[in-house]
Amino acid sequence: MKYELKEAEIITERESANVNVFRVRVLPDMKDIKETNLLPRFPNFFVQTNIGYTADDKVWVLTNDDFTIGFILGLSQPAAGESLTSFIQ
């Protein structure tokens, strides 16, 4: 199975404090999908960090070619003034 690094947009926030899974729109592959229930749900890859994302955050995801398996690696576009150090580490 082949995995690719893609940029994605967070669509829905975490459903509860115990579930670290987020619905994402992989860009540009899914930019025209309007029905959000069709979009995949991916967990954080780094389980030791319980990072929360908000809607419209841009993240890096590692996913297979049909988007059935994927993991969120971290923010791709941090807020202004923040560094990418946490993602690089």
Side-chain angles (χ1 to χ4, degrees):
M1 186 176 296
K2 180 180 168 187
Y3 287 90
E4 297 178 4
L5 181 65
K6 300 266 190 173
E7 188 174 31
E9 175 183 36
I10 300 291
I11 300 302
T12 59
E13 298 179 13
R14 170 177 23 211
E15 294 173 6
S16 73
N18 299 331
V19 180
N20 207 13
V21 177
F22 302 86
R23 191 166 303 274
V24 299
R25 174 177 282 122
V26 179
L27 302 172
D29 303 281
M30 299 179 177
K31 69 178 182 173
D32 295 329
I33 298 176
K34 302 295 184 215
E35 181 59 47
T36 57
N37 290 335
L38 299 175
L39 298 173
R41 295 176 53 193
F42 294 159
N44 276 318
F45 181 78
F46 303 105
V47 294
Q48 67 275 15
T49 58
N50 194 13
I51 299 173
Y53 302 103
T54 58
D56 298 327
D57 280 350
K58 300 288 193 269
V59 294
W60 291 115
V61 296
L62 188 63
T63 182
N64 61 352
D65 54 357
D66 63 354
F67 309 111
T68 56
I69 299 171
F71 299 95
I72 299 171
L73 298 177
L75 290 171
S76 68
Q77 298 176 8
E82 292 185 21
S83 70
L84 288 172
T85 306
S86 62
F87 176 70
I88 294 169
Q89 291 175 346

side-chain contact (heavy atoms from CB on, under 4.5 Å) between Arg41 and Val24: does it pass, once the steps are laid out?
CA-CA 6 Å; Arg41 295 176 53 193; Val24 299; over 6 Å; no
Does the side chain to side chain donor-acceptor pair (under 3.5 Å) test come out yes or no for Glu13 and Thr54, once each step is laid out?
CA-CA 5 Å; Glu13 298 179 13; Thr54 58; 5.0 Å; no
What's the verdict on side-chain contact (heavy atoms from CB on, under 4.5 Å) for Met30 and Asp32, showing C-alpha distance, side-chain angles and the deciding distance?
CA-CA 6 Å; Met30 299 179 177; Asp32 295 329; over 6 Å; no
Which is it for Ile69 and Thr63 under the side-chain contact (heavy atoms from CB on, under 4.5 Å) test, yes or no, and what are the steps along the way?
CA-CA 6 Å; Ile69 299 171; Thr63 182; 5.9 Å; no
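In this structure, Lys6 NZ and Ser76 OG are separated by 13.5 Å, a value rounded to the nearest 0.5 Å. If you take CZ on Arg23 and OG1 on Thr12, they are separated by 5.5 Å, rounding to the nearest 0.5 Å. Annotation: the span from Asn64 atom CG to Phe71 atom CZ amounts to 9.5 Å, rounded to 0.5 Å. Taking CD1 of Ile51 as the reference point, atom CG of Asn44 lies at 5.5 Å (rounded to 0.5 Å).
Judged by distance alone, with hydrogens and angles left aside, the side-chain atoms of Arg25 form a donor-acceptor pair with the main-chain N or O of Ile33 at under 3.5 Å.
Residues Tyr53 and Phe22 bring their aromatic ring centres within 6.0 Å.
With a 6.0 Å radius and a threshold of 12 heavy atoms from other residues, nucleotides or ligands, Phe45 has its CZ atom at or below the threshold.
Considering only heavy atoms from C-beta on, Trp60 stays 4.5 Å or farther from Ile72 through its side chain.
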